[in-house]
Amino acid sequence: MTATPVRLLLCDDHVVVRAGLLALLDSAENIEVIGEAGTGEEAIALTAKLHPDVVLMDLQLGPGIDGVETTRRLTTTPPPTPHVLVLTTYDTDADITRAIEAGATGYLLKAERPEELFAAIHAAAHGRTALSAPVASRVMANMRRPRPTLTDRERDILAQLAHGLGNREIAKALFISEATVKTHLGRIYDKLGVDTRAGAVAVAKEQRLLP
């Protein structure tokens, strides 16, 4: 008895990448690509119309909502709710955490072998988690890593960063010097393992260090 094919919707903003994936998936057993989308909005509309079992989702989608927000919206829709399998080149802690928290069933890197991709699609269709080996390692490492401890002043500065304030504005808001702000920022970056303001805010939100 032949198994029912997994109905797949492909979402990637690069036409050439989509064409390559379509050609690759055409060789896979029991996987049927029922549609393709180039934006998050298009993926949401096609999902409502076609009811795929799995949405193969890139994270960076150009203009409009990104893959994480698209995943969040897809996984909170009324049944039949699709499983979302992320397929991306990005493997930062921030990207992985955001995607999983948004409801992604799996997270694969585009460097995976075709057989691994096919197996992950079938696993996702059954609600089973599928992670690339490097992603699984990072997830486990993050789970074992203790949360950084920030001082009250560092939390205050992070909160100001989250609102988009520059060093001078932060100094004025907190009645401290710009030099003190820079010193605290250096300590924050070290504790969070980042080197940019955006990275600090992203990690702080993931680890719920901000109110």
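Counting begins at 1 with the first residue of the sequence. Since this is a predicted model, take the numbers as computed values, not measurements.
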Got a second to check how far [X]'s [atom1] is from [Y]'s [atom2], nearest 0.5 Å?
X    : Y    : atom1 : atom2 : result
Y107 : L59  : OH    : CG    : 4.5 Å
H163 : I170 : NE2   : CD1   : 11.0 Å
L61  : H14  : CG    : NE2   : 9.5 Å
I96  : E101 : CD1   : CD    : 12.0 Å
L9   : L85  : CG    : CG    : 12.5 Å
L185 : T183 : CG    : OG1   : 9.0 Å

Would [X] and [Y] show up in the same hydrophobic cluster when neighbours are defined by side-chain heavy atoms closer than 4.5 Å?
X    : Y    : value
V54  : L22  : yes
L117 : M57  : no
L87  : I65  : no
L10  : V17  : yes
L150 : V181 : yes

Provide the closest heavy-atom pair for [X] versus [Y] in the form atom of the first, atom of the second, distance.
X    : Y    : result
P82  : L74  : CD-O, 3.7 Å
I188 : A200 : CG2-CB, 4.4 Å
A104 : V86  : CB-CG2, 3.9 Å
G166 : R197 : CA-NH2, 3.5 Å
P5   : E32  : CB-CB, 4.2 Å
Q160 : A173 : OE1-CB, 4.1 Å

Next on the checklist: I'd like to know whether I121 forms a side-chain contact (heavy atoms from CB on, under 4.5 Å) with L8, so could you lay out the CA-CA distance, the side-chain angles of the two residues, the decisive distance to 0.1 Å, and finally the verdict.
Outcome noted: CA-CA 8 Å; I121 290 171; L8 181 80; 4.2 Å; yes

Checklist entry - Just one of E112, E116, K110 clears the side-chain hydrogen bond (donor to acceptor under 3.5 Å, both in side chains) bar with S132, so which one? => result E112

Item to check | Worked check of side-chain contact (heavy atoms from CB on, under 4.5 Å) between T70 and I44 | outcome: CA-CA 7 Å; T70 305; I44 292 170; 4.1 Å; yes

Heavy atoms, side chains only, cut-off 4.5 Å: are [X] and [Y] in contact?
X    : Y   : answer
T47  : V55 : yes
H83  : D53 : no
F118 : N30 : no

Next on the checklist: Looking at R72 and E69, is there a salt bridge between them, counting it only when a charged N and a carboxylate O are closer than 4.0 Å?
Outcome noted: yes

Checklist entry - Hey, is D66 close enough to R98 for a salt bridge, meaning N to O under 4.0 Å? => result yes

Checklist entry - Is the backbone N or O of A120 less than 3.5 Å from a side-chain atom of R128, with the two atoms forming a donor-acceptor pair by type? => result no

Checklist outcome for this item: Across all chains, not counting sequence neighbours, the side-chain hydrogen bond (donor to acceptor under 3.5 Å, both in side chains) partners of E42 are none

Next on the checklist: Among residues at least two apart in sequence or on other chains, which ones pass side-chain contact (heavy atoms from CB on, under 4.5 Å) with H184?
Outcome noted: R153, E154, I157, T180, R187

Checklist entry - Counting only heavy atoms not in E29, do more than 12 fall under 6.0 Å of its CD? => result no

